[in-house]
Amino acid sequence: MIVKCSSLCSQLMFMNNLIIIVVNASNLVGSQTMAPKVCVPADFGRHHIGAPSHGNLTFNLGEGVKIRANSIILSLNSPVIDELTTNLHQTSLEADDFSREAVDCFIESTYTGEIEAVNLGNFRDVNKMSRVFKVSWLIARCKKYFKSYVNKLDSKSSYSDMLFVVEEAVYLMSAMKKRFFLNLTVKKIAYISVTRRDSFVKEYLSDFGNASVHKIDACIALVQSDVHVLVQLLIKHLKQSGNKSLDEACRHLLRNLDLASCFERMPEVHDEIFRILENLTNVSKDDSLLFLSMFKQLTSKKPCSSGTLSPVLHLRSFKSYLDTSVNINNVLSEFSAREDIANLYTLIDGLWLRLYCINETNVPFDSNFIQKISDVVEQRGWALICAKYVMSLISDSYTNQFLEKIKSCDKLVLGPDGSSYATIFEYSCSEFITEVFCKDNFFKFQIPGPYYTDDEFVLLTTAMRHGNPDSFDLRWGMLDTQNGHIFTSSGLPELHFALVVMKDDHSNEWKYVLPISWCGKPTCDKTEGYWNWGYIKFNDKTG
């Protein structure tokens with residue numbers, strides 16, 4: 001078996017078996033950012049807090065309360081405060097949205113570089129201030145504080161303990177449109193106990209009619225595919241209200257629930273909710289529009305023999321980034337803003353592929369370029385990349401310098417054992433083409449680690465049909481072992497997929513990593529008899 005790069009790249013050949021692996025990159029790690037001339041967080045001296053001669057910036061709180069602080073120290077920590085004080089010449093900031101305790105804690109943190117004063121009572125406001133004023137290191141510390149609290153939850157945790165993490169997750173999602181807290185919470189609560197989770201949801205939404213849409217959305221995420229838990233709450237609420245009409249909470253839940261999952265798991269609950277809906281005595285125009293929307297969704301769905309569709313592996317095309325007139329710094333900026341680039345693995349894959357394909361030699365691999373990548377990691381809240389993955393990417397004289405810089409940066413790379421890996425399948429080249437490109441297939445795998453020990457995941461391949469590359473797809477999801485269906489939710493881990501070449505048939509050691517995140521769709525060259533998948537060329541004859 002020979003695999004080599006297409007004409008866009010230097011040739012790449014090897015004779016070993018190919019496997020596809022998955023990297024679990026769910027754990028988020030923050031990093032520090034560099035302010036002009038001073039690296040923060042730093043200890044500027046706790047004794048300077050409140051010193052009259054230093055307090056040239058005033059925080060105006062409610063009821064006439066004023067707190068003074070030093071604008072330079074705050075500016076070194078916050079680019080927002082730096083802009084307001086240095087360029088807009090403001091000497092006071094309105095902070096009546098925040099508690100006195102939170103403002104004191106925020107100021108103390110910027111002076112000392114620590115968050116010793118953070119507690120459950122002031123956490124929300126401190127976290128909000130860190131985001132409003134864009135103090136990146138404090139955002140990371142707040143994430144770490146929250147994550148440590150979540151990790152302490154167990155089967156003996158009280159309702160109030162679970163309530164804190166859910167409420168903070170709901171607040172961050174509603175106020176900041178960030179799902180990091182919610183994803184952590186969903187994963188942890190499901191891991192503790194499904195029974196405890198369901199009990200919490202029922203108490204949390206006990207006043208269902210007055211529940212906010214954000215609380216309902218959080219509970220939809222919490223129950224994952226067990227939507228019957230929420231349908232039962234809806235049934236109870238409608239019965240208590242006399243089965244007369246739907247309120248906004250009911251409409252929002254029905255609009256966002258996958259009732260097909262309810263039918264699959266508990267058909268009797270599915271039947272009951274529809275009996276109640278059929279007997280509503282006061283159907284409003286909004287109700288009619290809701291039912292019409294549900295009917296449209298139902299009739300628009302394509303049949304899927306595998307149950308609920310699982311997430312699509314983004315098969316991005318790299319052609320637009322091969323223009324040498326576009327500086328790699330601009331490529332990095334565009335990557336940083338793309339929503340479909342959701343982890344550091346995909347970002348590094350893309351930068352590596354740009355260098356590998358066009359043999360770019362004049363790239364400024366100085367500390368500023370690496371710092372830009374670190375800043376992206378902090379801003380996007382990404383996990384760090386595992387050293388083993390970086391060390392196994394194929395390198396040459398053009399990419400080696402880049403990979404060495406990445407490997408030596410502790411703000412980007414975890415240790416060799418910092419992530420978990422799972423092998424999905426192992427094939428020779430011709431088998432790979434047959435099993436992955438040429439037919440629909442279904443591969444089971446498991447992820448090492450404490451959260452998913454009892455869960456099975458699946459990778460589904462949809463073959464290219466009639467020579468049309470767009471018909472090829474890769475999807476993945478969690479397998480419901482009870483009924484064989486596949487489901488997805490916000491609580492699933494973030495996975496990164498790659499091809500790996502092993503040293504020999506009997507070795508567990510990697511020889512190369514071949515990223516597939518930018519490979520796009522595979523194509524078949526009938527003239528030359530090759531299969532191409534992005535930069536990888538499989539030279540087995542296609543027939």
Side-chain angles (χ1 to χ4, degrees), residues 22-30 115 118-120 123-124 127 139-205 214-227 229-230 311 342-343 380-384 414 418-420 422 446-457 476-481 487-496:
V22 54
V23 180
N24 187 0
S26 295
N27 294 328
L28 303 184
V29 181
I115 60 167
V118 171
N119 55 47
L120 298 186
F123 174 78
R124 178 177 297 181
N127 185 39
I139 293 173
R141 294 286 181 86
C142 287
K143 286 181 178 178
K144 186 176 180 180
Y145 178 92
F146 182 82
K147 186 176 179 181
S148 67
Y149 189 91
V150 170
N151 287 339
K152 292 176 184 176
L153 294 177
D154 57 28
S155 59
K156 298 179 181 179
S157 297
S158 65
Y159 173 79
S160 60
D161 291 333
M162 298 175 73
L163 180 65
F164 170 76
V165 298
V166 172
E167 285 284 82
E168 293 309 311
V170 167
Y171 176 77
L172 193 66
M173 187 171 65
S174 61
M176 304 288 179
K177 311 302 180 189
K178 304 290 185 182
R179 294 184 64 90
F180 169 71
F181 283 11
L182 181 61
N183 291 343
L184 274 180
T185 302
V186 167
K187 186 191 304 182
K188 181 63 176 182
I189 290 179
Y191 172 69
I192 292 171
S193 166
V194 171
T195 303
R196 288 296 311 282
R197 177 202 67 186
D198 295 350
S199 175
F200 172 84
V201 168
K202 290 174 183 177
E203 186 170 352
Y204 188 58
L205 291 182
H214 300 297
K215 290 180 69 169
I216 294 173
D217 287 341
C219 289
I220 292 173
L222 282 170
V223 301
Q224 302 183 60
S225 62
D226 297 325
V227 298
V229 176
L230 294 177
N343 56 57
R380 298 289 296 272
W382 285 344
L384 303 192
L414 293 168
S419 189
S420 53
Q446 288 185 299
I447 299 176
Y451 288 123
Y452 300 99
T453 52
D454 298 324
D455 297 315
E456 278 195 315
F457 294 82
W476 70 275
M478 185 183 289
L479 181 64
D480 180 351
T481 53
F487 63 90
T488 177
S489 77
S490 60
L492 287 178
E494 185 178 346
L495 303 182
H496 186 68

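Hydrogens, waters and symmetry mates are skipped; everything else that's a heavy atom, side chains included, is used.
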If you round to the nearest 0.5 Å, how far is CD1 of I189 from CE of M162?
4.0 Å

In Å, rounded to the nearest 0.5 Å, how long is the span from CG of N127 to CG of L172?
6.0 Å

Answer yes or no: is there a side-chain heavy-atom contact under 4.5 Å between L222 and V229?
no

Distance (rounded to the nearest 0.5 Å) between N183 CG and K178 NZ
12.5 Å

Which heavy atom of L153 sits nearest to which heavy atom of K188, and what is that distance?
O-CE, 3.1 Å

What's the separation between atom CD in E167 and atom OG in S174, rounded to the nearest 0.5 Å?
9.5 Å

Go through the steps for D161 and S158 under the test side-chain hydrogen bond (donor to acceptor under 3.5 Å, both in side chains), then give the verdict.
CA-CA 5 Å; D161 291 333; S158 65; 3.1 Å; yes

Rounded at 0.5 Å granularity, tell me how far CG in L182 sits from OH in Y171.
15.5 Å

Rounded to the nearest 0.5 Å, how far does NZ of K187 lie from OG1 of T185?
10.5 Å

When every non-hydrogen atom of V201 is compared with those of V223, the smallest separation belongs to CG2-CG1, 4.2 Å

Short side-chain to backbone donor-acceptor contact, D217 and I220, under 3.5 Å
no

Taking every non-hydrogen atom, the tightest pair across Y204 and C219:
CD2-SG, 3.5 Å

Apply salt bridge (charged side-chain N to carboxylate O under 4.0 Å, His left out) to D226 and list each qualifying residue two or more places apart in sequence or on a separate chain.
R197, R265

Do L205 and L230 have side chains that approach each other closer than 4.5 Å (heavy atoms only, starting at C-beta)?
yes

List the steps and the verdict of side-chain contact (heavy atoms from CB on, under 4.5 Å) for F123 and F164.
CA-CA 10 Å; F123 174 78; F164 170 76; 4.0 Å; yes

Restricting to ring-ring contact (aromatic ring centres under 6.0 Å, His included), what partner residues turn up for F146, sequence neighbours left out?
F181

Sub-4.5 Å side-chain heavy-atom contact between I192 and F200:
no

Decide yes or no on side-chain contact (heavy atoms from CB on, under 4.5 Å) for L120 and Y145, but give the supporting numbers first.
CA-CA 10 Å; L120 298 186; Y145 178 92; 3.7 Å; yes

Taking atom types as modelled and ignoring hydrogens, do the side chains of D198 and T195 form a donor-acceptor contact shorter than 3.5 angstrom?
no

Apply salt bridge (charged side-chain N to carboxylate O under 4.0 Å, His left out) to R124 and list each qualifying residue two or more places apart in sequence or on a separate chain.
E168

Heavy-atom closest contact (R196 atom, D154 atom, distance)
NH1-O, 4.1 Å

